Number of protein chains: 2
Amino acid sequence: MVHILYIEDEKDIGKWVTQNLKEKGYQVKWMQSGEGIDQYISTVDIVILDVMLPGLDGFSIGKRIKRENKDLPILMLSARTAVEDKLEGLSFADDYLTKPFHPDELAARIEVLLRRFNKNDNILQLQHLTIHTKDLQIVNQETGEEIQLTGKQYYLFQYFLRHLNQILTKEQLYEGVWGEPYIEGDKTLMVHIRYLREKIEKDPANPTIIETIRGIGYRVKK
Amino acid sequence: MVHILYIEDEKDIGKWVTQNLKEKGYQVKWMQSGEGIDQYISTVDIVILDVMLPGLDGFSIGKRIKRENKDLPILMLSARTAVEDKLEGLSFADDYLTKPFHPDELAARIEVLLRRFNKNDNILQLQHLTIHTKDLQIVNQETGEEIQLTGKQYYLFQYFLRHLNQILTKEQLYEGVWGEPYIEGDKTLMVHIRYLREKIEKDPANPTIIETIRGIGYRVKK
DNA sequence: CCTGGATTTTAAGGTTAATTTGAGGTTACT
DNA sequence: AGTAACCTCAAATTAACCTTAAAATCCAGG
């Protein structure tokens, strides 16, 4: 699911754009000013920023975001069509679209940026974990540190992520990860579950991400 | 020096744009059709492509370039303002600008793409290495000496730089650099990683630039 | 609410597999 | 022919993985 942070003060346009983007399957967080965006930018895949805003203008906000986070694409939106404005916007942002625009064009330009920034993969938020499935990256949102998994641990976790909310039997898990039949009574899987928990759980002794379903197997809930 | 390949059949516009870009310090190769571009695309930093061309249209040319060379930015130029045209263009290209446009806006958009594709004379600092991304000149900041890479090493390192922070599987790396399928168990890649480490790492026995992700592959972090 | 068997978790050491390293051989270019 | 780059292969090293056993937990029946 692609997460968009959209900052726009005009209610009519804001509502219309948000609605349109949601219909196209994006997750949209619409804010009416640049205040308090910091708590969102770390969880978001792209920022759409209107230039004319009450208080701090969009250019300043965009420049600050880029300074702190170069890997986050920014698309500027503006009614100002003057070349000077475009130049200022494009000096730091990744695209500049003038109003009025067709929502499909906005979506197409969003897709270009997501493609280019490798953000069009699934970014999954699981409690304190941010998971970039394409980059094989897992970040602990509390410490900001990346969690390093070994091969088996990674494939095991991936299997859970592909089957979110499903109860997975030990057979399914073992066969899905190891590619060979599970032998009743084998503890290998359980031990690897532990290794994984040790790395991803806040408190490995009281796991909340990978739950145990006694007598059956395990589950990871969204 | 940034090299631009510009394909435009209309002589007036072509001359005007070429002139403008040259004044801004770009090296411009202007062609009036898509024929014979192959000999240039490997030496060029960005392609500017008009949609309406005699013979093969700009969309087809752009798609082919992207298929063969994903790391070359393409900016589409067109008098067609219909959303459908923009959507088709943006489905593969990296920007779409409608005529008439201000030459400064074109230049600004070119700069955005060069920045994003690391084609401008960006300098990347990786620990003790200073890397001029455009020509991939690597200087060891401690000795002040330039590090010379061989062909394979050069492509391999470039692949890492284009995918900074991503964990790259051995398959991805092998296929990205050698262009042929990776055979399970082949050690060739690993040996080249070693050659590369020997040249770029401070202590090749304890590499800090190219990290090993056991069971998966390698990664270079920014 | 206590107890005992079943199940899961934990810990540690041994085994195995992946990676690194070294050296020799092949190929391609001048 | 000579050199540099590249590839191949086997030995050494390292870290992941598996096995085992003991401890902890859960759940049903008394």
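In what follows, chains are A, B, ... by sequence order, proteins preceding strands, each numbered from 1. It should be emphasised that the depicted structure is a prediction, and the values quoted were computed from it without experimental measurement.
Under the 30°/60° scheme for interplanar angles, the aromatic rings of W16(B) and F101(B) are found to be tilted. Ring planes of H192(B) and Y195(B): perpendicular class, angle over 60° (limits at 30 and 60°).
Remark: C1' of dT8(C) and CZ of R197(A) are 9 Å apart, rounded to the nearest angstrom. Between Q148(B) atom CD and dA4(D) atom P there is a gap of 13 Å when expressed in whole angstrom units. Rounded to whole Å, atom C1' of dA16(D) lies 15 Å from atom CD of E198(A). Distance M190(B) CE to dG22(C) P: 16 Å, rounded to the nearest Å. Rounded to whole angstrom, the span from the NZ atom of K187(A) across to the C1' atom of dT10(C) amounts to 12 Å. Protein atom NE2 of H192(A) is 15 Å distant from nucleotide atom C1' of dA11(C), rounded to whole Å. Per the geometry, CZ belonging to R194(B) stands 13 Å off C1' belonging to dA11(D), to the nearest Å. In this entry the distance linking CH2 of W178(B) with P of dC6(D) reads 9 Å, nearest Å.
Listed for the N165(B) side chain is a donor-acceptor partner under 3.5 Å among the backbone atoms of K222(B). No donor-acceptor distance shorter than 3.5 angstrom exists from the side chain of E105(A) to the backbone of K86(B), with no hydrogens or angles considered. Panel note: side chain R219(A), backbone I213(A); no donor-acceptor pair is recorded below 3.5 Å. Judged by distance alone, the side chain of R116(A) and the main-chain N or O of F117(B) form no donor-acceptor pair under 3.5 Å. Using a distance-only test at 3.5 Å, with no hydrogens or angles considered, a donor-acceptor pair links the side chain of R115(B) to the main chain of S91(A).
Distances were taken from every side-chain heavy atom of V191(B) (C-beta onward) to each of dT21(C), dT10(C), dT19(C); the shortest belongs to dT21(C). Proximity note for T150(B) (side chain, C-beta onward) versus dA5(D), dT9(C), dC7(D): the nearest is dA5(D). Here dC18(D) is the nucleotide among dT10(C), dC18(D), dT8(C) with the atom lying nearest to any side-chain atom of Y195(A).
Residue T188(A) has a polar side-chain atom (N or O) positioned under 4.0 Å from OP1 or OP2 of dT19(D). For dC7(D), one of the phosphate oxygens OP1 or OP2 lies less than 4.0 angstrom from a side-chain nitrogen or oxygen of K152(B). An OP1 or OP2 oxygen of dT19(C) is reached within less than 4.0 angstrom by a side-chain nitrogen or oxygen of K170(B).
Only T212(B), R214(B), G215(B), Y218(B), listed by number, bring a heavy atom of residues 211-220 of chain B to less than 4.0 angstrom from any atom of DNA chain C.
When the nearest nucleotides of DNA chain C are assigned to N206(A) and A205(B) by heavy-atom distance, the more 5′-ward of the two goes with N206(A).
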